[in-house]
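Working notes, beginning with the structure itself.
Lettering follows sequence order; numbering is per chain, from 1.
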There are 2 protein chains.
Amino acid sequence: MVANTPPAAARRDSYTVESLLAVTVEVFNTRGYDGTSMEDLSRAAGISKSSIYHHVRGKEELLRLAVGRALDGLFAILDEPGALEGRPVERLEHVVRRTAEVLLAELPYVTLLLRVRGNTAAEQWALGRRREFDHRVAELVRAAADDGDLRGDVAPRLATRLLFGMINSIVEWYHPVGGPQAGTPGDGDDAADRIVEAVVRLAFGGLRSKG
Amino acid sequence: MVANTPPAAARRDSYTVESLLAVTVEVFNTRGYDGTSMEDLSRAAGISKSSIYHHVRGKEELLRLAVGRALDGLFAILDEPGALEGRPVERLEHVVRRTAEVLLAELPYVTLLLRVRGNTAAEQWALGRRREFDHRVAELVRAAADDGDLRGDVAPRLATRLLFGMINSIVEWYHPVGGPQAGTPGDGDDAADRIVEAVVRLAFGGLRSKG
DNA sequence: AGCGTAACCGAATGATCGGTCGGTACAAGA
DNA sequence: TCTTGTACCGACCGATCATTCGGTTACGCT
């Protein structure tokens with residue numbers, strides 16, 4: 001392998017692609033990708049506009065890196081044991097719960113992904129990968145419906161879209177307390193846990209009380 | 001009433017603000033507001049860039065007119081008899097159904113509204129009005145929960161957000177056949193009806209089969 | 001026919017866009 | 001101490017942005 005790289009933090013005022021990306025995604029999410037200028041980014045990152053080009057090839061690469069990270073997190077769910085073993089309805093519940101969890105854990109990146117419209121090449125690539133994810137989930141819904149475990153009066157494809165529409169809508173209003181860097185691994189974020197539980201309960205049980 | 005205005009269609013090659021708006025909203029929705037140039041609009045409308053300024057004050061006014069139309073449609077729901085009379089849970093079901101219906105009837109305008117981020121003054125005005133609508137609905141959910149008609153293990157505010165997140169997500173994938181001008185009043189659009197029914201069933205009953 | 005005016009246009013404006021360029025500061029290895 | 005390479009910068013580039021301006025066209029009305 002390559003020689004161990006010197007720790008990036010040792011160099012003074014040093015930006016990683018990763019840390020630059022974190023700042024970038026925040027700005028993209030507040031002002032929109034098209035509404036964000038490279039000068040906006042340089043101001044937010046505290047370095048000059050031209051310095052950004054030392055780390056990445058351009059604006060579009062920042063977008064591609066960000067949405068790629070979100071997509072990697074989502075696709076990893078489909079390879080988890082809980083998504084591969086058991087009855088389809090149980091595998092579906094696992095995917096629903098984990099999708100909500102990943103969305104909350106990678107909130108800024110998933111937010112950006114969900115707002116992509118397909119204007120540039122990077123955006124169309126992201127849209128294609130999203131479609132593939134939706135397709136895989138739709139198959140799971142269909143399998144659960146074939147088992148008779150899902151209600152028969154709503155088409156599986158339609159149910160999939162509405163279900164994930166509900167999950168994805170979390171990015172429209174949820175903002176973790178103390179900014180995005182809060183919620184360290186293993187600390188058990190209360191608010192996020194409540195949201196995940198609500199999603200699973202509403203998705204499978206509905207709003208109406210049983211009484 | 002006012003004197004009958006000479007029919008706009010009588011003048012040759014004449015654009016109404018309304019017809020210009022319809023073209024504009026389509027372009028805004030495909031390319032995004034910030035990603036749309038006035039030249040994009042002029043090309044789509046078939047008139048020159050400067051001619052657009054004869055009808056409206058500028059790009060931002062087009063946005064304000066479009067989202068205003070969507071908001072008027074949504075707020076009108078809250079004044080309907082079905083939203084004012086009966087048990088809260090029944091009024092809520094009426095609002096849910098009608099919101100989905102209005103969203104489908106005014107699809108391009110509501111789509112644009114839901115993508116507004118608050119960059120310009122017009123966008124912030126729209127966000128404020130949206131918040132007010134959400135607030136009024138959240139009160140209805142709380143009232144239904146107080147009656148014991150909604151499940152007690154999900155907070156009303158959270159349920160409201162997820163519920164309307166599901167409804168609003170329709171704009172992400174639904175495209176009426178034959179373009180936006182199809183679906184004349186009273187013709188009973190099959191696909192749209194199925195979506196509305198699915199929304200109401202999933203919202204109140206959930207995915208899981210009763211068996 | 002002649003007037004008023006709504007609808008329209010091409011060309012230009014300053015501002016801002018994403019991106020490039022030549023060069024400087026500085027830490028690490030020799 | 002000298003060399004090398006990373007991180008960074010100010011100044012600049014052509015392109016594109018929303019908007020403006022000075023007209024021209026053609027319709028409705030008298």
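A heavy-atom distance below 4.5 Å is not found between the side chains of Glu172(A) and Leu114(A).
Residue Ser37(A) places at least one side-chain N or O closer than 4.0 Å to OP1 or OP2 of dC17(C). Distances shown here put a side-chain N or O of Ser51(A) below 4.0 Å from the OP1 or OP2 atom of dC9(D).
Rounded to an integer number of Å, the gap from Ile52(A) CD1 to dT6(D) C1' is 17 Å. Atom OH in Tyr15(A) sits about 19 Å away from atom P in dC26(C), given to the nearest Å. Counting to the nearest Å, the C1' atom of dT19(D) and the OH atom of Tyr53(B) are 5 Å from each other. Atom P of nucleotide dA18(D) and atom CG of Leu63(B) are separated by 13 Å, given to the nearest angstrom. One interatomic measurement links the two molecules: CD of Glu61(A) to P of dT20(C), which rounds to 12 Å at whole-angstrom precision.
Scanning both residues, Leu74(B) and Phe133(B), for their nearest heavy atoms gives O-CE1, 3.3 Å.
Arg117(B) CZ: more than 12 foreign heavy atoms inside a 6.0 Å radius.
If you check distances only, the side chain of Ser50(A) does reach the base of dG10(D) with a donor-acceptor pair under 3.5 Å.
When each of His55(A) and Lys49(A) is assigned the nucleotide of DNA chain D bearing its nearest heavy atom, the one mapping closer to the 5' terminus is His55(A).
For His54(A), taking side-chain heavy atoms from C-beta onward, the closest of the listed nucleotides dG10(D), dG18(C), dT6(D) is dT6(D).
Using a 4.0 Å cut-off between charged nitrogen and carboxylate oxygen, Arg194(A) and Glu197(A) do not count as a salt-bridge pair.
Within the 4.0 angstrom heavy-atom criterion, only backbone atoms of the sugar-phosphate kind lie near Thr36(B); the bases stay farther away.
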